[in-house]
Amino acid sequence: MPWTEILVAFVTFCAIYYILAISLNLEYGFTGIPNFGKVLFYAAGAYTSAVVTGHLLTRLAGGSGADVCTARSAALRETFAAQEPLAIMGVFLLALVASALVGALLGGLLSLPSLRVRDVYLGLLLLVAAEIGRVFVRSTPGIICGSHGMGGIPNPFSWVSPAGTRYLVYALLCVLVALLCYWLVQRVVHTPWGRVLKMVRDDEEAAQALGKNPAKVKIQVMMLGSSLAAVAGSLYAFYSQFVGTEDFVPFLTFLVLSMVILGGQANNLGAIFGVLVMTAIDRFTRGSIFSMLGIDLPFDVSYARYVVTGLVLALLVMYRPQGLFPERPLRTPAWEVWRRRAKSRA
Amino acid sequence: MDIAELAPPLVNSLMLGSLVTLMAVGLTLTYAVTRVLNIAHAELVTLGGYTLVLAVNQWQWHVIPAVLLAMAVSAVAALVMDELVFRRMIERKAAFLYILVASIGVGIILRHLIFIFADIMGWLNVKARVTINPVFRLGYANVTDLLLWVLPIAIISAILLYIFLNRTRIGTAMRAVADNLALAAASGVRVVLARRAAWLVSGALAGLAGALWAVYSPINPEMGWVTLLRVVAASILGGLTSIGGTIAGGYLVGFGENFGIFFARDWFRVPLEYRSIITFLIIIVVLLVRPQGLTNLRFPWQRDPNRVTREEA
């Protein structure tokens, strides 16, 4: 049943992209940091997961940590994961936590430029930073097998068979993690701190004049956002069971940006709509689906998909840069009090 | 070290520097005149490259009219891009960041349209059928006739652009628009004309660079995008507004990459693949430390023209 497989993959990617979208929304939509290097933090999560599985799981399986790149080592990890549910689940959880920590650290580090440059220049700088990371990893065989990438990152539910059920369970897990991230971000932004984010976005000098510290807020936001992106990267690594530098190109950042703009600036519920639309464009226009429908094109369909994505992005910033759904006031205690008063007056 | 070993990086630097300069002056020109940091400039380069390949490989044209055709196609594409997207956004006073994102979107569209064309033609990796002949040997390197063309073309284009901007009416209008749009419009400068001229010239230079690149080495639809960060580095070194600074920046990127990786490999055994990181670091360092790039460089004993001393105040 390929159609159910396609649907399960769609749900998984929606969940992963939704985590990325709310993390970018936190930085770009709420705080006004144009983090065009988002893919770097996503990659950081995926690579941290590869390191943890490559070294820990291989050792647990009785292999040596020296040749994690070989196909034999990958096969060893996979058969071990299929037999030992506890070990692979443990490694998965550890990798998830480690990714979140590495993401937070890297985010804190790369928030430092945002204290000096702003706007277009900051976006450009973060984009370049992400490319440095990609080229560096690609050219260094010592880090996760360099340009070859590393396979054999087993699905944490490898012991569940048949494969269809396994992927379904994993998709549900991704949705669960995405809901958790959503809940966490909503909890964090519907506070006075969340209003400071928007103040920094709208007028940094005014925020300073009111005794807020924009630098501190930016560092905190980048740490939280990058940590979420790294969690998404970790989920992706365990889903695709392979990490390679070609998965982490700047295009992905702009795909996520189009989701955020489509859903509305600083609107995490609206982002669900953006994620559904863009992921549908991304997943349902694969060559395999077209050949299943009996449509034969003289070129690779992927290119048409990119054209559509670019079109959506360009039209959105031209006509609705604030997004389709409006930004809503944050439900902070102060806002609740104001609303109650407004109601009693009416 | 044998001095002849320095010849290959020198020849490569001159070639890369000239091509990057040709691309970067266009990027600087449109930014200076219309305040659009056009990421899709990369795709204008690719478009020029593929136009040359189409004319030379498919239609059997001679290389010189093919280069002119490439320039024309890219110039028209640049103008259309501006009329359809950027001019409308500027008229609606869109934020710089949104214009940047729009240009990224336009770039994605154009790049993958070229991908579709290249895939249909079977040209995902193609070289123009133009033979390059070595003219003389310099150390361990061959100096080709292509380099002897590219170097003067880059320099003459830069000089022509300088004369155009400083000695012609339309060039003066463009500089006026770049300095102060409202004042220029109030003084009767034909703002729209200046704008269109800037985009046409910028596109033509990008097409020229792309066409020369297709003669120099095999191209693919991502060639412009891959080179873009070098071009941005050169423009940022020129403060995004100074043509002279951009030319210096283009050659600085060319020499920095080739000699940087040469010495890094010689002294620290750094593999060649790291060479693009040199360019990336240039961008980051310039943005963080000196956002105005090479413009307004002063020696320590020179006076800062922008600082007002106590006596003047």
Side-chain angles (χ1 to χ4, degrees), chain A residues 28 32 34 36 110 112-113 115-136 138-141 146-147 249-251 253-255 257-258 261 297-322, chain B residues 35 37 39-40 81 84-86 88-89 92 94-121 124 221-222 225-226 228-229 232-233 236 240 270-277 279-289 291:
Chain A
Y28 173 81
F36 292 168
L110 279 169
L112 299 179
L115 311 182
R116 233 188 118 85
V117 286
R118 283 190 207 179
D119 212 42
V120 175
Y121 301 100
L122 181 60
L124 216 55
L125 198 146
L126 289 167
L127 177 77
V128 171
E131 279 292 272
I132 290 185
R134 195 169 71 88
V135 172
F136 185 74
R138 193 178 62 194
S139 322
T140 314
S147 59
V249 291
F251 174 77
T253 302
F254 296 110
L255 179 68
L257 183 65
S258 65
I261 300 179
L297 291 169
F299 56 88
D300 191 341
V301 201
S302 304
Y303 304 138
R305 176 171 79 240
Y306 290 121
V307 172
V308 173
T309 311
L311 208 58
V312 171
L313 188 62
L315 288 175
L316 272 177
V317 283
M318 274 183 78
Y319 296 105
R320 291 301 293 262
Q322 311 289 339
Chain B
R35 291 280 172 252
L37 183 54
I39 298 297
M81 212 182 260
L84 282 182
V85 182
F86 303 128
R88 295 182 184 196
M89 290 186 82
R92 255 184 272 129
F96 285 162
L97 188 67
Y98 295 147
I99 298 177
L100 177 79
V101 174
S103 81
I104 290 169
V106 170
I108 292 174
I109 298 171
L110 193 52
R111 176 158 78 250
H112 293 95
L113 286 177
I114 297 173
F115 253 121
I116 290 175
F117 168 76
D119 199 8
I120 292 172
M121 302 295 286
L124 286 179
E222 278 194 315
W225 174 246
V226 170
L228 176 74
L229 288 177
V232 169
I236 286 177
L240 283 172
V270 176
L272 280 179
E273 292 89 64
Y274 290 100
R275 56 180 285 165
S276 52
I277 290 181
T279 304
F280 299 164
L281 287 179
I282 291 179
I283 300 184
I284 291 198
V285 169
V286 173
L287 281 180
L288 281 180
V289 180

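Labels below follow one simple rule: chain letters A, B, ... track the order of the sequence lines, proteins then strands, and each chain is numbered from 1. The analysis underlying the following values was restricted to heavy atoms, covering all of them including side chains, and did not include hydrogens, waters or symmetry mates. Only a predicted model underlies this, so the values are computations on that prediction, with no experimental measurement involved.
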Does some side-chain heavy atom of Leu228(B) sit less than 4.5 Å from a side-chain heavy atom of Val232(B)? yes

Let me know if Leu240(B) has heavy atoms under 4.5 Å from chain A in its side chain, its backbone, both or neither. side chain

Can you check whether Glu273(B) reaches Arg138(A) side chain to side chain, under 4.5 Å on heavy atoms? no

Turns out that what part of Val117(A) lies under 4.5 Å from chain B's heavy atoms comes down to side chain

Crowding at CZ, Phe96(B) (>12 non-hydrogen neighbours, <6.0 Å): no

Which portion of Thr140(A) sits near chain B, non-hydrogen atoms under 4.5 angstrom: both

Is there a side-chain contact between Trp225(B) and Pro250(A) in this structure, where contact means two heavy atoms from C-beta onward sitting under 4.5 Å apart? yes

Do Leu288(B) and Tyr121(A) have side-chain heavy atoms sitting under 4.5 Å apart? no

When only pairs under 4.5 Å are counted, which of Leu100(B), Leu113(B), Val101(B), Leu37(B) shares the most heavy-atom pairs with chain A? Val101(B)

Sort Leu229(B) into side chain, backbone, both or neither according to what part of it lies under 4.5 angstrom from a heavy atom of chain A. side chain

With a 4.5 Å cut-off on side-chain heavy atoms, are Leu124(B) and Phe115(B) touching? yes

Is the distance between the ring centroids of Phe36(A) and Phe254(A) under 6.0 Å? yes

Heavy-atom distance under 4.5 Å to chain A: side chain of Val289(B), backbone, both or neither? backbone

Does any heavy atom of chain B fall under 4.5 Å from the side chain of Phe136(A), the backbone, both, or neither of them? both

Side chains of Met89(B) and Tyr319(A) in contact at under 4.5 Å (non-hydrogen atoms): no

Counting only heavy atoms closer than 4.5 Å, note whether Ile283(B) contacts chain A via side chain, backbone, both or neither. side chain

For chain B, which of Leu313(A), Leu124(A), Ile132(A) has the most heavy-atom pairs under 4.5 Å? Ile132(A)

Could you check if a side-chain atom of Met81(B) sits within less than 4.5 angstrom of a side-chain atom of Val85(B), using non-hydrogen atoms only? no

Contact origin within Arg92(B) toward chain A - heavy atom pairs under 4.5 Å: side chain

Pick one of side chain, backbone, both or neither for Ile236(B), based on which atoms fall under 4.5 Å of a heavy atom in chain A. side chain

Given heavy-atom pairs under 4.5 angstrom as the criterion, report whether the side chain, backbone, both or neither of Leu257(A) touches chain B. side chain

In terms of heavy-atom pairs under 4.5 Å, which option from Leu122(A), Val135(A), Leu127(A) contacts chain B the most? Val135(A)

Options Leu316(A), Leu125(A), Thr309(A), ranked by heavy-atom pairs under 4.5 Å with chain B, top entry: Leu125(A)

